[in-house]
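Below: the structure, in structure tokens.
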Number of protein chains: 2
Amino acid sequence: MAGRLVSVREGGGLVGAQSRQVTLADIAREAGTSASTASRALSGRGYVSPPARDRLLEAAERLGYVPDASARTLKQRTSRVVGVAVSDLGNQFYALLAAGIEQTLREADYQMVLVSDNSDRAQELSFARTFLAMRAAGVIMTPADSAAASLLARNGVDVVEVDRQLAEVPCDAVVIDNEEGGRLATAHLLELGHRRIGLLVADTDWTTDAGRLAGYRSAHAEASVVVDERLILPIVFHAPDAEQRIAALLDEHAPTAIFAANNQLAEHAWKVLRVRGLRLAQDVSLVGFDDVAWTSMVDPGITVVAQPTLELGRRAAHLLLRRIADPGCEPGFECLEPTLVVRGSTAPPTTPLAEHQP
Amino acid sequence: MAGRLVSVREGGGLVGAQSRQVTLADIAREAGTSASTASRALSGRGYVSPPARDRLLEAAERLGYVPDASARTLKQRTSRVVGVAVSDLGNQFYALLAAGIEQTLREADYQMVLVSDNSDRAQELSFARTFLAMRAAGVIMTPADSAAASLLARNGVDVVEVDRQLAEVPCDAVVIDNEEGGRLATAHLLELGHRRIGLLVADTDWTTDAGRLAGYRSAHAEASVVVDERLILPIVFHAPDAEQRIAALLDEHAPTAIFAANNQLAEHAWKVLRVRGLRLAQDVSLVGFDDVAWTSMVDPGITVVAQPTLELGRRAAHLLLRRIADPGCEPGFECLEPTLVVRGSTAPPTTPLAEHQP
DNA sequence: CTGTTAGCGCTTTCAG
DNA sequence: CTGAAAGCGCTAACAG
């Protein structure tokens with residue numbers, strides 16, 4: 001093996017590929033110091049005489065020294081990597097969330113290992129193990145189950161839940177006020193005079209959807225309108241029959257308005273209405289959740305509950321950084337407020353008899 | 001120090017946090033073998049007697065053993081991490097590209113470290129160093145400069161360029177046929193009868209934009225139409241005056257159609273037209289590049305050159321995996337074909353004099 | 001201020 | 001088939 005190493009070194013003249021990574025020992029030798037001194041000089045921790053430091057830095061620069069992260073991680077038992085698991089990178093919401101996380105992490109000189117777990121419990125758990133193996137400095141996740149967070153916490157890895165909360169262990173979390181969002185959307189429709197409001201909600205036990213549903217109910221209660229339970233339609237993610245079921249809701253229960261509790265469902269609802277030739281606002285009002293690009297570009301624009309997605313990600317990262325800096329601090333919890341953006345897709349209901357009014 | 005370790009172990013009863021990671025040595029001791037045997041059993045490389053293997057696997061399972069990735073990386077001098085750098089994670093195109101990469105990497109049990117470099121050369125280079133430090137198994141990037149790829153290649157890290165090509169070293173690449181895309185868009189407009197076609201293109205030296213411009217020119221040449229150079233408008237990324245400049249193009253050079261060479265510019269153009277009250281197709285035709293969601297939802301829909309974005313990402317990851325498996329293979333190059341999706345935003349030009357014709 | 005020493009946890013010859 | 005030994009590159013006591 002020594003023979004192989006040597007021959008590789010001799011072949012180092014090959015254009016393009018350096019034969020061997022340059023190590024601390026190399027630059028120490030070059031500068032005539034020990035490896036420890038080199039370590040101190042380059043990491044900036046501990047005393048090093050200015051002349052020695054200069055020689056070391058110069059040598060490092062000249063030889064193109066890049067410290068080996070795995071050696072450092074092995075020694076320090078923690079890395080500069082943060083594991084991030086989201087449900088679906090293909091969905092603009094999660095992509096933007098990840099962008100916010102990455103931005104903040106980058107500013108603090110941490111790297112993001114990003115995975116998309118498809119809300120699959122088994123995958124989520126498997127990623128937790130991977131993050132454990134990497135000695136991640138922390139993990140930020142949109143949880144689909146509590147097992148991953150438990151496993152991580154048990155092994156001393158800090159977890160931040162974002163968008164949803166499911167953990168059975170105490171941990172930092174940042175969410176938006178889903179109940180308020182649901183209330184804003186529903187109250188807006190009720191104020192316009194709607195009494196039969198269809199609710200399209202994800203069929204999960206997530207706090208997001210539970211919250212939006214709760215807001216839908218409380219808005220009704222505040223307006224003293226009783227909810228027709230048949231107007232509430234839980235739809236499984238990526239269900240192939242989502243649009244058919246929405247159409248059936250329209251046919252069978254005659255809502256005058258629809259509140260779609262996430263961007264995916266809003267898109268489905270919008271398409272169903274278009275295919276059926278139903279006019280937004282005039283025939284059926286529509287409120288979406290999450291202000292994605294298309295909602296402001298279609299005509300009429302879609303009234304939506306906007307959430308500060310990028311900021312959600314940033315806050316999650318900040319929470320994690322705070323905990324890394326101060327491991328003993330109390331679990332942080334942040335709840336960001338959504339806002340209602342009224343556009344042309346909502347209007348007072350038109351009764352069939354009043355169709356010819358202006 | 002030994003004392004500290006022991007006391008920590010004794011404190012291991014603390015709910016929630018395990019005192020110390022369980023190591024190979026622990027499970028070897030538990031199973032009554034040496035660490036080497038344990039390593040062989042768990043990694044599946046090398047001979048281990050079935051009974052020993054069983055005991056080892058059982059012990060690993062029971063103690064919740066998670067191998068330390070950094071120790072393995074340090075020893076093997078390469079990790080299961082792939083560095084991915086894209087220009088702007090907030091842009092749906094790059095997000096989808098990343099999603100495709102992640103999906104393929106995940107299937108092969110590699111992790112994606114994702115960074116958004118804002119097309120900033122300095123950041124790109126800094127990330128290259130980070131990936132080097134992590135002993136990344138490879139790097140996939142949408143390059144903004146050639147320096148990063150050179151640095152990585154020089155240090156023996158495989159690079160795949162995706163979407164654009166800038167490297168000065170031979171490396172794998174997967175792009176779409178930008179010239180063909182530009183030609184498709186432009187020929188479509190020329191066939192409709194347009195003779196003054198404005199081109200909105202990013203002001204970069206990227207092969208994407210150069211290709212789309214070349215396609216614009218060659219379509220003109222094939223139709224024997226001479227290009228009025230004043231119709232070509234290079235726009236810097238995130239330029240605050242992008243929409244003003246597009247408006248000025250409209251005013252000063254009276255194009256009857258616009259070809260926006262990326263999704264960002266298409267959105268700008270669409271907004272300018274809307275604000276000015278210009279009707280798509282009737283007053284000005286518009287062709288975009290990249291079939292993002294809103295283009296099929298607005299009315300009329302936008303005619304676009306669609307690119308297989310997710311597939312682009314998948315291919316890039318496959319190219320990298322191929323190279324990891326066979327480091328000596330010839331640099332791979334794949335060029336995916338874009339397709340023209342005709343929607344309502346394009347129609348024959350209306351001359352001012354013919355405004356009243358049906 | 002600096003060098004010596006001793007590992008972090010894993011893999012890999014190599015000898016048994 | 002198995003264990004002993006060495007070492008990946010770095011850092012952190014500790015003694016000088």
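All values reported here derive from a predicted model rather than from experimental measurement. Reminder, nothing fancy here: chain letters follow the sequence lines and each chain counts from 1.
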Contacts of type salt bridge (Lys or Arg N to Asp or Glu O under 4.0 Å), residue Arg80(B), not counting sequence neighbours
none
Check for a donor-acceptor pair, side chain of Arg135(A) on one end and backbone N or O of Arg77(A) on the other, with a separation under 3.5 Å.
no
Atom pairs under 3.5 Å, N or O on each side, protein against nucleotides 5-7 of chain D: can you list them with distances?
residue, atom, partner, partner atom, Å
dG7(D), N2, Lys75(B), NZ, 3.3

Supply the atom-to-atom distance Thr142(A) OG1 to Tyr94(A) OH, rounded to the nearest 0.5 angstrom.
5.0 Å
So if I take every side-chain heavy atom of Ser34(A) and compare against dG9(C), dC10(D), dT4(C), which nucleotide ends up nearest?
dT4(C)
Any idea which of dT2(C), dC8(D), dT2(D) is nearest the Leu74(B) side chain?
dC8(D)
Measure from CG on Asp68(A) to P on dG9(C) and round the result to the nearest Å.
16 Å
Counting only side-chain nitrogens and oxygens, does Arg72(B) get under 4.0 Å of the OP1 or OP2 atom of dT11(C)?
yes
In whole angstroms, the gap separating C1' of dT11(D) from CG of Leu42(A) amounts to 12 Å
Would you classify Ser70(A) as touching base, sugar-phosphate or nothing, given that sugar-phosphate means primed atoms plus P, OP1 and OP2, and contacts are heavy atoms under 4.0 Å?
nothing
Nearest-Å distance, CD (Gln76(B)) to C1' (dT11(C))?
7 Å
Rounded to the nearest 0.5 Å, how far does OG of Ser87(B) lie from CE of Met141(B)?
9.0 Å
OH of Tyr65(B) to CD of Gln21(B): how many Å apart, nearest 0.5 Å?
10.0 Å
Counting any heavy atom closer than 4.0 Å, what does Thr73(B) reach on the DNA or RNA strands: base, sugar-phosphate only, or nothing?
nothing
Should the pair Glu311(A)-Arg314(A) be classified as a salt bridge under the 4.0 Å nitrogen-to-oxygen rule?
yes
Under 4.0 Å from any atom of DNA chain C, heavy atoms only: list the residues of residues 24-32 of chain A that qualify, in numerical order.
none
Overall bend of the helix from dC1(C)-dG16(D) to dG16(C)-dC1(D) (five pairs an end, 10° steps) is 40°
Using atom CZ of Arg45(A) as one end and atom P of dA13(D) as the other, report the distance to the nearest whole Å.
11 Å
Just by distance, do the side chain of Glu161(B) and the backbone of Ala167(B) share a donor-acceptor pair under 3.5 Å?
yes
The side chain of Ser39(B) lies closest to which of these nucleotides: dT11(D), dC8(C), dT12(C)?
dT12(C)
Strictly distance-based, threshold 3.5 Å: is any side-chain N or O of Asp120(A) a donor or acceptor partner for the main-chain N or O of Ala122(A)?
yes
Could you tell me the separation between the OG atom of Ser116(A) and the CG atom of Leu89(A), rounded to the nearest 0.5 Å?
5.0 Å
Review item, side-chain donor-acceptor pairs of residues 43-52 of chain A, under 3.5 Å, at least two apart:
residue, atom, partner, partner atom, Å
Ser43(A), OG, Ser39(A), O, 2.9
Ser43(A), OG, Arg45(A), N, 3.4
Ser49(A), OG, Ala52(A), N, 3.4

In whole angstrom, give the distance that lies between atom CZ of Arg135(B) and atom P of dT11(C).
18 Å
Could you work out which one of dT2(C), dT2(D), dG9(C) sits closest to the side chain of Thr37(A)?
dT2(C)
Residues within residues 47-58 of chain B bordering DNA chain D, heavy-atom distance below 4.0 Å:
Tyr47(B), Val48(B), Ser49(B), Ala52(B)
Could you check how far CD of Gln21(B) sits from C1' of dG9(C), rounded to whole Å?
11 Å
Are the side chain of Thr104(B) and the backbone of His318(B) linked by a donor-acceptor contact shorter than 3.5 Å?
no
Locate the shortest heavy-atom distance separating Leu24(B) from Ala38(B); write the atom from each residue and the value.
CD2-CB, 3.5 Å
As an exercise, state the distance from CG of Leu320(A) to OH of Tyr110(A), rounded to the nearest 0.5 Å.
8.0 Å
Quick one: does Arg40(B) reach the base of dG3(D) with a side-chain donor-acceptor pair under 3.5 Å?
yes
So among Val175(A), Leu312(A), Val86(A), which one has a side chain to side chain contact (heavy atoms under 4.5 Å, CB included) with Asp163(A)?
Leu312(A)
